[in-house]
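Only a predicted model underlies this, so the values are computations on that prediction, with no experimental measurement involved.
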2 protein chains.
Amino acid sequence: MSSSTVTVETTPAPALPIARQSLHDQVVTRLRDMVTDGRLAPGQRVNEVALCAGLGVSRTPLREALKTLAGEGLLELVPSRGAVVRSFTDKDVADCMMVLKALEQLAGRLLCQVASDAAIAGLLALHAEMQARYAVRDRLPYFKLNQAIHSGIVAAADNAPLLRAHEALQAQMKRIRFIGHEGPEKWAAAMAEHEEMAAALAKRDGEALAEVIGRHHDRGLARIRDVI
Amino acid sequence: MSSSTVTVETTPAPALPIARQSLHDQVVTRLRDMVTDGRLAPGQRVNEVALCAGLGVSRTPLREALKTLAGEGLLELVPSRGAVVRSFTDKDVADCMMVLKALEQLAGRLLCQVASDAAIAGLLALHAEMQARYAVRDRLPYFKLNQAIHSGIVAAADNAPLLRAHEALQAQMKRIRFIGHEGPEKWAAAMAEHEEMAAALAKRDGEALAEVIGRHHDRGLARIRDVI
DNA sequence: TGCGGATATTCTGCATACAGAGCACAGAAT
DNA sequence: ATTCTGTGCTCTGTATGCAGAATATCCGCA
(Lines give C-alpha, C1' and ligand atoms only; values in the text may rest on other atoms or scores of the structure.)
Protein backbone atom coordinates (compact mmCIF):
# COMPACT_ATOMS: atom_id res chain seq x y z
CA MET A 1 0.00 0.00 0.00
CA SER A 2 2.30 2.79 1.19
CA SER A 3 5.39 0.90 0.07
CA SER A 4 6.50 3.86 -1.97
CA THR A 5 7.96 6.09 0.69
CA VAL A 6 8.55 9.69 -0.12
CA THR A 7 12.20 10.42 0.50
CA VAL A 8 12.45 14.04 -0.48
CA GLU A 9 13.31 15.40 2.97
CA THR A 10 13.87 19.01 2.10
CA THR A 11 13.00 20.26 5.57
CA PRO A 12 15.88 19.95 7.99
CA ALA A 13 14.10 21.78 10.77
CA PRO A 14 11.14 20.00 12.44
CA ALA A 15 11.86 16.53 11.00
CA LEU A 16 8.38 15.08 10.94
CA PRO A 17 8.66 11.31 11.26
CA ILE A 18 6.53 10.08 8.27
CA ALA A 19 3.89 7.90 9.93
CA ARG A 20 4.97 4.68 8.15
CA GLN A 21 3.13 1.82 9.84
CA SER A 22 3.40 -1.85 9.06
CA LEU A 23 0.67 -4.02 7.65
CA HIS A 24 0.45 -5.72 11.00
CA ASP A 25 -0.49 -2.52 12.77
CA GLN A 26 -3.03 -1.58 10.17
CA VAL A 27 -4.68 -4.99 10.40
CA VAL A 28 -4.75 -4.74 14.19
CA THR A 29 -6.57 -1.43 14.19
CA ARG A 30 -8.96 -2.56 11.49
CA LEU A 31 -9.85 -5.71 13.39
CA ARG A 32 -10.25 -3.78 16.62
CA ASP A 33 -12.74 -1.53 14.92
CA MET A 34 -14.56 -4.50 13.45
CA VAL A 35 -14.95 -5.98 16.90
CA THR A 36 -16.15 -2.81 18.55
CA ASP A 37 -18.67 -1.90 15.88
CA GLY A 38 -20.02 -5.42 15.80
CA ARG A 39 -19.07 -6.53 12.30
CA LEU A 40 -17.34 -9.33 14.14
CA ALA A 41 -20.02 -10.54 16.52
CA PRO A 42 -19.19 -11.98 19.94
CA GLY A 43 -18.90 -15.74 19.91
CA GLN A 44 -18.32 -15.73 16.19
CA ARG A 45 -15.48 -17.82 14.85
CA VAL A 46 -13.01 -15.86 12.79
CA ASN A 47 -12.30 -17.45 9.45
CA GLU A 48 -8.76 -16.54 8.50
CA VAL A 49 -8.90 -16.94 4.75
CA ALA A 50 -12.20 -15.09 4.47
CA LEU A 51 -10.83 -12.18 6.45
CA CYS A 52 -7.64 -12.22 4.38
CA ALA A 53 -9.67 -11.86 1.25
CA GLY A 54 -11.66 -9.04 2.78
CA LEU A 55 -8.63 -7.12 3.95
CA GLY A 56 -6.46 -7.94 0.97
CA VAL A 57 -3.56 -9.30 2.96
CA SER A 58 -2.07 -12.73 3.36
CA ARG A 59 -2.61 -14.97 6.34
CA THR A 60 0.71 -14.24 8.02
CA PRO A 61 0.13 -10.64 9.12
CA LEU A 62 -3.49 -11.46 9.85
CA ARG A 63 -2.55 -14.29 12.18
CA GLU A 64 -0.01 -12.11 13.94
CA ALA A 65 -2.68 -9.46 14.41
CA LEU A 66 -5.00 -12.09 15.88
CA LYS A 67 -2.38 -12.97 18.46
CA THR A 68 -2.03 -9.31 19.36
CA LEU A 69 -5.77 -8.85 19.79
CA ALA A 70 -5.98 -12.01 21.83
CA GLY A 71 -3.35 -10.50 24.09
CA GLU A 72 -5.57 -7.47 24.50
CA GLY A 73 -8.47 -9.70 25.46
CA LEU A 74 -10.68 -8.98 22.49
CA LEU A 75 -10.33 -12.45 21.01
CA GLU A 76 -9.89 -15.90 22.41
CA LEU A 77 -7.60 -18.43 20.78
CA VAL A 78 -8.99 -21.93 20.85
CA PRO A 79 -6.38 -24.55 19.94
CA SER A 80 -6.95 -25.99 16.48
CA ARG A 81 -10.07 -23.89 16.12
CA GLY A 82 -8.58 -20.50 15.65
CA ALA A 83 -9.78 -17.20 16.99
CA VAL A 84 -13.19 -16.53 18.47
CA VAL A 85 -14.55 -13.10 19.26
CA ARG A 86 -14.75 -12.96 23.01
CA SER A 87 -18.23 -12.73 24.43
CA PHE A 88 -18.79 -11.15 27.80
CA THR A 89 -21.02 -12.42 30.51
CA ASP A 90 -22.71 -10.12 32.96
CA LYS A 91 -20.01 -10.87 35.46
CA ASP A 92 -17.22 -10.18 33.00
CA VAL A 93 -18.59 -6.71 32.42
CA ALA A 94 -18.96 -6.03 36.12
CA ASP A 95 -15.44 -7.28 36.75
CA CYS A 96 -13.99 -5.14 34.00
CA MET A 97 -15.77 -2.08 35.26
CA MET A 98 -14.46 -2.70 38.74
CA VAL A 99 -10.88 -2.78 37.53
CA LEU A 100 -11.44 0.19 35.26
CA LYS A 101 -12.77 2.06 38.25
CA ALA A 102 -9.73 1.29 40.37
CA LEU A 103 -7.37 2.31 37.58
CA GLU A 104 -9.11 5.58 36.87
CA GLN A 105 -9.28 6.42 40.55
CA LEU A 106 -5.56 5.90 40.80
CA ALA A 107 -5.09 8.01 37.69
CA GLY A 108 -7.23 10.76 39.15
CA ARG A 109 -5.19 10.93 42.33
CA LEU A 110 -1.94 10.89 40.39
CA LEU A 111 -2.83 13.47 37.82
CA CYS A 112 -3.85 15.98 40.47
CA GLN A 113 -0.30 15.74 41.75
CA VAL A 114 1.73 15.57 38.59
CA ALA A 115 -0.22 16.94 35.63
CA SER A 116 0.72 20.26 34.10
CA ASP A 117 -1.76 23.09 34.12
CA ALA A 118 -1.92 22.82 30.36
CA ALA A 119 -2.91 19.16 30.56
CA ILE A 120 -5.70 19.94 33.01
CA ALA A 121 -6.83 22.82 30.85
CA GLY A 122 -6.96 20.43 27.92
CA LEU A 123 -9.18 18.03 29.84
CA LEU A 124 -11.47 20.84 30.90
CA ALA A 125 -11.68 21.94 27.28
CA LEU A 126 -12.76 18.45 26.30
CA HIS A 127 -15.34 18.62 29.03
CA ALA A 128 -16.68 21.94 27.78
CA GLU A 129 -16.89 20.54 24.28
CA MET A 130 -18.78 17.50 25.57
CA GLN A 131 -21.10 19.79 27.47
CA ALA A 132 -21.90 21.59 24.25
CA ARG A 133 -22.62 18.31 22.49
CA TYR A 134 -24.84 17.23 25.33
CA ALA A 135 -26.78 20.49 25.12
CA VAL A 136 -27.87 19.57 21.61
CA ARG A 137 -28.07 15.84 22.39
CA ASP A 138 -25.49 14.96 19.78
CA ARG A 139 -24.86 11.35 20.76
CA LEU A 140 -21.88 10.16 18.76
CA PRO A 141 -19.59 13.16 19.40
CA TYR A 142 -20.65 13.03 23.04
CA PHE A 143 -19.70 9.38 23.18
CA LYS A 144 -16.31 9.97 21.63
CA LEU A 145 -15.55 12.95 23.83
CA ASN A 146 -16.58 10.93 26.84
CA GLN A 147 -14.10 8.23 25.94
CA ALA A 148 -11.46 10.85 25.23
CA ILE A 149 -11.93 12.40 28.67
CA HIS A 150 -11.62 9.10 30.47
CA SER A 151 -8.57 8.17 28.42
CA GLY A 152 -7.19 11.65 28.87
CA ILE A 153 -7.44 11.46 32.64
CA VAL A 154 -5.35 8.32 32.61
CA ALA A 155 -2.91 9.72 30.07
CA ALA A 156 -2.41 12.84 32.17
CA ALA A 157 -1.37 10.69 35.12
CA ASP A 158 1.90 10.06 33.28
CA ASN A 159 2.07 6.37 34.08
CA ALA A 160 2.65 4.18 31.04
CA PRO A 161 1.71 0.80 32.51
CA LEU A 162 -1.44 2.30 33.95
CA LEU A 163 -2.32 3.72 30.56
CA ARG A 164 -1.71 0.40 28.83
CA ALA A 165 -3.89 -1.55 31.21
CA HIS A 166 -6.63 1.01 30.98
CA GLU A 167 -6.57 1.09 27.19
CA ALA A 168 -6.89 -2.66 26.98
CA LEU A 169 -9.83 -2.80 29.34
CA GLN A 170 -11.52 0.17 27.74
CA ALA A 171 -11.22 -1.46 24.34
CA GLN A 172 -12.96 -4.53 25.70
CA MET A 173 -15.79 -2.45 27.10
CA LYS A 174 -16.06 -0.14 24.14
CA ARG A 175 -18.57 -2.27 22.32
CA ILE A 176 -20.73 -2.68 25.42
CA ARG A 177 -20.81 1.04 26.02
CA PHE A 178 -21.39 1.65 22.35
CA ILE A 179 -24.61 -0.35 22.25
CA GLY A 180 -25.63 0.92 25.67
CA HIS A 181 -27.58 3.98 24.56
CA GLU A 182 -28.99 5.21 27.79
CA GLY A 183 -32.25 7.10 28.22
CA PRO A 184 -32.47 10.85 28.84
CA GLU A 185 -32.52 10.77 32.63
CA LYS A 186 -29.56 8.39 32.89
CA TRP A 187 -27.72 10.49 30.38
CA ALA A 188 -28.37 13.57 32.46
CA ALA A 189 -27.07 11.83 35.56
CA ALA A 190 -23.88 10.80 33.77
CA MET A 191 -23.41 14.35 32.58
CA ALA A 192 -23.91 15.69 36.10
CA GLU A 193 -21.20 13.36 37.36
CA HIS A 194 -18.90 14.67 34.69
CA GLU A 195 -19.60 18.18 35.91
CA GLU A 196 -18.46 17.14 39.36
CA MET A 197 -15.36 15.57 37.89
CA ALA A 198 -14.52 18.75 36.05
CA ALA A 199 -14.93 20.76 39.24
CA ALA A 200 -12.63 18.47 41.21
CA LEU A 201 -10.16 18.55 38.36
CA ALA A 202 -10.12 22.33 38.27
CA LYS A 203 -9.36 22.36 41.99
CA ARG A 204 -6.76 19.58 41.65
CA ASP A 205 -8.57 17.81 44.44
CA GLY A 206 -7.39 14.25 43.96
CA GLU A 207 -9.52 12.65 46.65
CA ALA A 208 -12.69 14.32 45.47
CA LEU A 209 -11.91 13.38 41.91
CA ALA A 210 -11.34 9.77 42.86
CA GLU A 211 -14.59 9.74 44.77
CA VAL A 212 -16.61 11.07 41.85
CA ILE A 213 -14.93 8.73 39.42
CA GLY A 214 -15.82 5.83 41.66
CA ARG A 215 -19.43 6.91 41.84
CA HIS A 216 -19.48 7.51 38.10
CA HIS A 217 -18.35 3.97 37.43
CA ASP A 218 -20.68 2.39 39.95
CA ARG A 219 -23.62 4.21 38.46
CA GLY A 220 -22.32 3.57 34.97
CA LEU A 221 -22.37 -0.12 35.62
CA ALA A 222 -25.92 0.15 36.89
CA ARG A 223 -26.84 2.17 33.82
CA ILE A 224 -25.65 -0.41 31.35
CA ARG A 225 -26.75 -3.38 33.40
CA ASP A 226 -30.37 -3.36 32.28
CA VAL A 227 -29.30 -2.86 28.69
CA ILE A 228 -27.51 -6.20 28.56
CA MET B 1 9.79 -31.83 18.98
CA SER B 2 6.52 -33.14 20.41
CA SER B 3 4.76 -33.07 17.09
CA SER B 4 3.65 -36.66 17.65
CA THR B 5 0.67 -36.24 19.93
CA VAL B 6 -0.41 -39.25 21.89
CA THR B 7 -3.99 -40.09 21.02
CA VAL B 8 -4.63 -43.23 22.99
CA GLU B 9 -7.53 -41.97 25.12
CA THR B 10 -8.23 -44.98 27.29
CA THR B 11 -9.60 -43.10 30.28
CA PRO B 12 -13.21 -42.03 29.82
CA ALA B 13 -13.93 -41.02 33.41
CA PRO B 14 -12.74 -37.64 34.69
CA ALA B 15 -12.11 -36.14 31.28
CA LEU B 16 -8.69 -34.73 31.90
CA PRO B 17 -7.98 -32.13 29.25
CA ILE B 18 -4.74 -33.65 27.84
CA ALA B 19 -2.42 -30.68 28.19
CA ARG B 20 -1.94 -30.50 24.41
CA GLN B 21 -0.50 -27.06 23.90
CA SER B 22 0.48 -25.55 20.63
CA LEU B 23 4.01 -24.70 19.65
CA HIS B 24 3.03 -21.08 19.97
CA ASP B 25 2.22 -21.43 23.66
CA GLN B 26 5.36 -23.37 24.37
CA VAL B 27 7.49 -20.77 22.68
CA VAL B 28 5.72 -18.01 24.61
CA THR B 29 6.45 -19.57 27.98
CA ARG B 30 10.02 -20.36 27.01
CA LEU B 31 10.67 -16.81 25.91
CA ARG B 32 9.02 -15.41 29.02
CA ASP B 33 11.37 -17.48 31.12
CA MET B 34 14.34 -16.36 29.06
CA VAL B 35 13.42 -12.75 29.68
CA THR B 36 12.88 -13.12 33.41
CA ASP B 37 16.05 -15.09 34.06
CA GLY B 38 18.09 -12.68 31.97
CA ARG B 39 19.19 -14.91 29.11
CA LEU B 40 17.55 -12.25 27.00
CA ALA B 41 19.03 -9.08 28.42
CA PRO B 42 17.07 -5.81 28.48
CA GLY B 43 17.77 -3.65 25.49
CA GLN B 44 19.02 -6.61 23.53
CA ARG B 45 17.75 -7.04 20.00
CA VAL B 46 16.13 -10.39 19.39
CA ASN B 47 17.50 -12.12 16.33
CA GLU B 48 14.71 -14.26 14.95
CA VAL B 49 16.70 -16.82 13.01
CA ALA B 50 19.15 -17.35 15.84
CA LEU B 51 16.35 -17.93 18.31
CA CYS B 52 14.62 -20.25 15.86
CA ALA B 53 17.73 -22.35 15.66
CA GLY B 54 18.01 -22.42 19.42
CA LEU B 55 14.42 -23.42 20.00
CA GLY B 56 14.16 -25.71 17.02
CA VAL B 57 11.11 -24.06 15.52
CA SER B 58 10.51 -22.05 12.41
CA ARG B 59 10.11 -18.32 12.31
CA THR B 60 6.33 -18.33 12.06
CA PRO B 61 5.42 -19.50 15.57
CA LEU B 62 8.34 -17.57 16.98
CA ARG B 63 7.16 -14.33 15.43
CA GLU B 64 3.64 -14.93 16.68
CA ALA B 65 5.04 -15.51 20.15
CA LEU B 66 6.96 -12.25 19.90
CA LYS B 67 3.73 -10.39 19.17
CA THR B 68 2.13 -11.98 22.20
CA LEU B 69 4.97 -11.04 24.49
CA ALA B 70 5.00 -7.52 23.11
CA GLY B 71 1.32 -7.36 24.05
CA GLU B 72 2.27 -8.35 27.58
CA GLY B 73 4.83 -5.57 27.68
CA LEU B 74 7.93 -7.73 27.90
CA LEU B 75 9.17 -6.85 24.44
CA GLU B 76 9.00 -3.82 22.24
CA LEU B 77 8.45 -4.09 18.51
CA VAL B 78 10.46 -1.60 16.53
CA PRO B 79 9.35 -1.34 12.89
CA SER B 80 11.81 -2.98 10.51
CA ARG B 81 14.11 -3.76 13.40
CA GLY B 82 12.17 -6.51 15.08
CA ALA B 83 11.76 -7.18 18.76
CA VAL B 84 13.81 -5.63 21.53
CA VAL B 85 13.73 -6.77 25.14
CA ARG B 86 12.13 -3.97 27.03
CA SER B 87 14.35 -2.19 29.50
CA PHE B 88 12.85 -0.46 32.48
CA THR B 89 13.79 2.90 33.81
CA ASP B 90 13.51 3.77 37.45
CA LYS B 91 10.22 5.48 36.76
CA ASP B 92 8.84 2.51 34.84
CA VAL B 93 9.43 0.31 37.85
CA ALA B 94 7.83 2.79 40.21
CA ASP B 95 4.86 3.16 37.89
CA CYS B 96 4.39 -0.58 37.59
CA MET B 97 4.56 -1.03 41.31
CA MET B 98 1.96 1.64 41.81
CA VAL B 99 -0.48 -0.08 39.50
CA LEU B 100 0.34 -3.45 40.98
CA LYS B 101 -0.40 -2.01 44.40
CA ALA B 102 -3.79 -0.68 43.34
CA LEU B 103 -4.72 -3.98 41.72
CA GLU B 104 -3.72 -6.08 44.70
CA GLN B 105 -5.50 -3.76 47.08
CA LEU B 106 -8.65 -4.18 45.05
CA ALA B 107 -8.10 -7.91 45.02
CA GLY B 108 -7.65 -7.96 48.77
CA ARG B 109 -10.92 -6.17 49.38
CA LEU B 110 -12.75 -8.40 46.95
CA LEU B 111 -11.41 -11.69 48.16
CA CYS B 112 -12.40 -10.95 51.74
CA GLN B 113 -15.95 -10.71 50.47
CA VAL B 114 -16.15 -13.51 47.96
CA ALA B 115 -13.43 -16.08 48.56
CA SER B 116 -14.31 -19.48 49.95
CA ASP B 117 -12.92 -20.58 53.29
CA ALA B 118 -10.95 -23.21 51.45
CA ALA B 119 -9.32 -20.60 49.23
CA ILE B 120 -8.29 -18.53 52.22
CA ALA B 121 -7.01 -21.63 53.96
CA GLY B 122 -4.95 -22.37 50.88
CA LEU B 123 -3.39 -18.91 50.97
CA LEU B 124 -2.63 -19.26 54.65
CA ALA B 125 -1.02 -22.61 53.94
CA LEU B 126 1.22 -20.97 51.36
CA HIS B 127 2.09 -18.36 53.94
CA ALA B 128 3.01 -21.01 56.51
CA GLU B 129 5.18 -22.74 53.97
CA MET B 130 6.90 -19.49 53.15
CA GLN B 131 7.41 -18.85 56.84
CA ALA B 132 9.16 -22.19 57.09
CA ARG B 133 11.40 -21.36 54.15
CA TYR B 134 12.22 -18.01 55.65
CA ALA B 135 13.15 -19.67 58.94
CA VAL B 136 15.95 -21.52 57.17
CA ARG B 137 16.66 -18.62 54.80
CA ASP B 138 15.93 -20.68 51.71
CA ARG B 139 15.82 -17.91 49.14
CA LEU B 140 14.53 -19.42 45.93
CA PRO B 141 11.56 -21.32 47.43
CA TYR B 142 10.77 -18.22 49.48
CA PHE B 143 10.78 -16.13 46.32
CA LYS B 144 8.50 -18.49 44.47
CA LEU B 145 6.09 -18.83 47.38
CA ASN B 146 6.04 -15.08 47.70
CA GLN B 147 5.02 -14.73 44.07
CA ALA B 148 2.47 -17.50 44.51
CA ILE B 149 0.89 -15.73 47.46
CA HIS B 150 0.56 -12.45 45.63
CA SER B 151 -0.83 -14.18 42.57
CA GLY B 152 -3.07 -16.29 44.76
CA ILE B 153 -4.58 -13.26 46.43
CA VAL B 154 -5.57 -11.90 43.07
CA ALA B 155 -6.77 -15.26 41.83
CA ALA B 156 -8.96 -15.67 44.92
CA ALA B 157 -10.71 -12.41 44.13
CA ASP B 158 -12.46 -14.22 41.28
CA ASN B 159 -12.08 -11.41 38.78
CA ALA B 160 -10.61 -12.54 35.47
CA PRO B 161 -9.67 -9.15 34.00
CA LEU B 162 -8.04 -8.19 37.28
CA LEU B 163 -6.06 -11.39 37.23
CA ARG B 164 -4.94 -10.84 33.64
CA ALA B 165 -3.74 -7.32 34.27
CA HIS B 166 -1.94 -8.38 37.41
CA GLU B 167 -0.20 -11.30 35.73
CA ALA B 168 1.08 -9.10 32.94
CA LEU B 169 2.49 -6.53 35.30
CA GLN B 170 3.95 -9.11 37.62
CA ALA B 171 5.69 -10.77 34.69
CA GLN B 172 7.28 -7.45 33.82
CA MET B 173 8.51 -6.96 37.36
CA LYS B 174 9.56 -10.54 37.89
CA ARG B 175 13.07 -10.01 36.63
CA ILE B 176 13.57 -6.88 38.73
CA ARG B 177 12.44 -8.66 41.85
CA PHE B 178 14.48 -11.66 40.92
CA ILE B 179 17.76 -9.80 40.85
CA GLY B 180 16.78 -7.66 43.84
CA HIS B 181 18.15 -9.88 46.57
CA GLU B 182 17.55 -7.83 49.64
CA GLY B 183 19.62 -7.86 52.81
CA PRO B 184 18.59 -9.62 56.03
CA GLU B 185 16.87 -6.70 57.71
CA LYS B 186 14.83 -5.78 54.64
CA TRP B 187 13.94 -9.40 54.21
CA ALA B 188 12.75 -9.55 57.81
CA ALA B 189 10.61 -6.45 57.27
CA ALA B 190 9.01 -7.96 54.20
CA MET B 191 8.30 -11.14 56.10
CA ALA B 192 6.74 -9.16 58.95
CA GLU B 193 4.41 -7.46 56.50
CA HIS B 194 3.40 -10.84 55.17
CA GLU B 195 2.57 -11.87 58.72
CA GLU B 196 0.23 -8.92 58.96
CA MET B 197 -1.33 -9.83 55.66
CA ALA B 198 -1.97 -13.34 56.83
CA ALA B 199 -3.59 -12.05 60.00
CA ALA B 200 -5.92 -9.75 58.09
CA LEU B 201 -6.68 -12.55 55.68
CA ALA B 202 -7.60 -14.91 58.50
CA LYS B 203 -10.01 -12.31 59.85
CA ARG B 204 -11.36 -11.53 56.38
CA ASP B 205 -10.72 -7.89 57.14
CA GLY B 206 -10.63 -6.39 53.67
CA GLU B 207 -9.70 -2.86 54.69
CA ALA B 208 -6.87 -3.99 56.92
CA LEU B 209 -5.62 -6.31 54.22
CA ALA B 210 -5.66 -3.54 51.64
CA GLU B 211 -3.80 -1.27 54.01
CA VAL B 212 -1.04 -3.80 54.64
CA ILE B 213 -0.75 -4.63 50.97
CA GLY B 214 -0.35 -0.95 50.21
CA ARG B 215 2.36 -0.59 52.81
CA HIS B 216 4.03 -3.78 51.60
CA HIS B 217 4.24 -2.41 48.08
CA ASP B 218 5.43 1.02 49.12
CA ARG B 219 8.18 -0.47 51.21
CA GLY B 220 8.87 -3.06 48.54
CA LEU B 221 9.52 -0.32 46.05
CA ALA B 222 11.86 1.36 48.51
CA ARG B 223 13.60 -1.97 49.07
CA ILE B 224 14.37 -2.57 45.43
CA ARG B 225 15.07 1.05 44.62
CA ASP B 226 18.66 1.07 45.80
CA VAL B 227 19.31 -2.21 44.05
CA ILE B 228 18.65 -0.76 40.63
C1' DT C 1 -36.76 -43.39 10.49
C1' DG C 2 -32.95 -42.84 13.54
C1' DC C 3 -28.15 -43.79 14.52
C1' DG C 4 -23.25 -44.99 13.83
C1' DG C 5 -19.26 -44.80 11.28
C1' DA C 6 -16.34 -43.99 7.24
C1' DT C 7 -15.06 -40.50 4.12
C1' DA C 8 -14.45 -35.89 2.19
C1' DT C 9 -13.77 -31.19 2.92
C1' DT C 10 -12.48 -27.26 5.24
C1' DC C 11 -9.50 -24.77 8.11
C1' DT C 12 -5.77 -24.17 11.23
C1' DG C 13 -0.76 -24.68 12.43
C1' DC C 14 3.72 -24.64 10.85
C1' DA C 15 7.50 -24.34 7.49
C1' DT C 16 9.70 -22.22 3.76
C1' DA C 17 10.60 -18.80 0.08
C1' DC C 18 11.07 -14.24 -1.60
C1' DA C 19 11.37 -9.18 -1.59
C1' DG C 20 12.49 -4.87 0.57
C1' DA C 21 14.41 -2.14 4.35
C1' DG C 22 18.12 -1.01 7.27
C1' DC C 23 22.95 -0.93 8.21
C1' DA C 24 27.88 -1.39 7.81
C1' DC C 25 31.84 -0.96 5.26
C1' DA C 26 34.65 0.74 1.72
C1' DG C 27 36.01 3.93 -1.78
C1' DA C 28 36.08 8.45 -3.89
C1' DA C 29 35.94 13.33 -3.82
C1' DT C 30 36.79 17.62 -1.48
C1' DA D 1 41.86 13.71 6.88
C1' DT D 2 37.03 13.88 6.63
C1' DT D 3 32.70 13.38 4.69
C1' DC D 4 29.65 11.70 1.45
C1' DT D 5 28.03 8.17 -1.45
C1' DG D 6 27.61 3.71 -3.39
C1' DT D 7 27.50 -1.21 -2.77
C1' DG D 8 26.82 -5.43 -0.49
C1' DC D 9 25.00 -8.02 3.30
C1' DT D 10 21.95 -9.15 7.02
C1' DC D 11 17.55 -9.33 8.86
C1' DT D 12 12.70 -8.36 8.99
C1' DG D 13 8.05 -8.35 6.71
C1' DT D 14 4.96 -10.77 3.81
C1' DA D 15 3.32 -14.45 0.79
C1' DT D 16 2.64 -19.13 -0.27
C1' DG D 17 2.70 -24.15 0.29
C1' DC D 18 1.96 -28.37 2.84
C1' DA D 19 0.43 -31.55 6.58
C1' DG D 20 -2.74 -32.64 10.23
C1' DA D 21 -6.80 -31.81 13.05
C1' DA D 22 -11.63 -30.83 13.27
C1' DT D 23 -15.92 -30.91 11.27
C1' DA D 24 -19.49 -31.81 7.98
C1' DT D 25 -21.55 -35.19 4.79
C1' DC D 26 -23.27 -39.27 3.30
C1' DC D 27 -24.09 -44.06 3.24
C1' DG D 28 -25.12 -48.41 5.52
C1' DC D 29 -27.60 -50.68 9.05
C1' DA D 30 -30.72 -51.60 12.83
In this structure, how many angstroms lie between the [atom2] atom of [N] and the [atom1] atom of [X], rounded?
X     : N      : atom1 : atom2 : value
A:E48 : C:dT12 : CD    : C1'   : 6 Å
B:L23 : C:dT12 : CG    : C1'   : 13 Å
A:H24 : D:dT14 : NE2   : P     : 9 Å
B:L55 : C:dA15 : CG    : P     : 11 Å

All N/O contacts under 3.5 Å from nucleotides 23-25 of chain C to the protein, with atom names and distances to one decimal?
from	atom 1	to	atom 2	distance (Å)
C:dC23	OP1	B:R81	NE	3.4
C:dC23	OP1	B:R81	NH1	3.2

ask   = Around atom NZ of B:K144, are there more than 12 heavy atoms of other residues, nucleotides or ligands at under 6.0 Å?
value = no
request  = Identify, residue by residue, the members of residues 59-69 of chain B with a heavy atom below 4.0 Å from DNA chain C, and return them in order of residue number, or none.
outcome  =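 When residues 59-69 of chain B is checked for heavy atoms under 4.0 Å from DNA chain C, the hits, listed by number, are B:R59, B:T60, B:P61.
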note = In B:Q147, B:E104, B:R177, the residue satisfying side-chain hydrogen bond (donor to acceptor under 3.5 Å, both in side chains) with B:Q170 is B:Q147
key: Interatomic spacing from CE in B:M197 to CG in B:L124 - rounded to 0.5 Å   =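 Spacing of CE (B:M197) from CG (B:L124) equals 10.5 Å.
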request  = Drop me the distance from B:N159's CG to A:C96's SG, to the nearest 0.5 angstrom.
outcome  = 7.5 Å
query = Sequence neighbours excluded, which residues qualify as salt bridge (charged side-chain N to carboxylate O under 4.0 Å, His left out) partners of B:E72?
reply =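 By the salt bridge (charged side-chain N to carboxylate O under 4.0 Å, His left out) rule, B:E72 matches B:R32.
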ask   = What orientation do B:H127 and B:H194 show, parallel under 30°, tilted 30 to 60°, or perpendicular over 60°?
value =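 Correct class here is parallel.
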query = Does B:A83 or A:G56 map to a spot on DNA chain D nearer the 5' end, using the closest nucleotide for each?
reply = B:A83
query = Which is true for A:V27 with a 4.0 Å heavy-atom rule: it touches a base, it touches only sugar-phosphate, or it touches nothing?
reply =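 The residue A:V27 makes no contact with any strand.
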ask   = Given A:K91 and B:D158, is the salt bridge (charged side-chain N to carboxylate O under 4.0 Å, His left out) satisfied, shown in steps?
value = CA-CA 10 Å; A:K91 180 171 186 316; B:D158 187 37; 3.6 Å; yes
query = Is the NZ or CZ atom of A:R139 positioned over A:W187's six-membered ring, under 6.0 angstrom from the centre and within 45° of the axis?
reply = yes
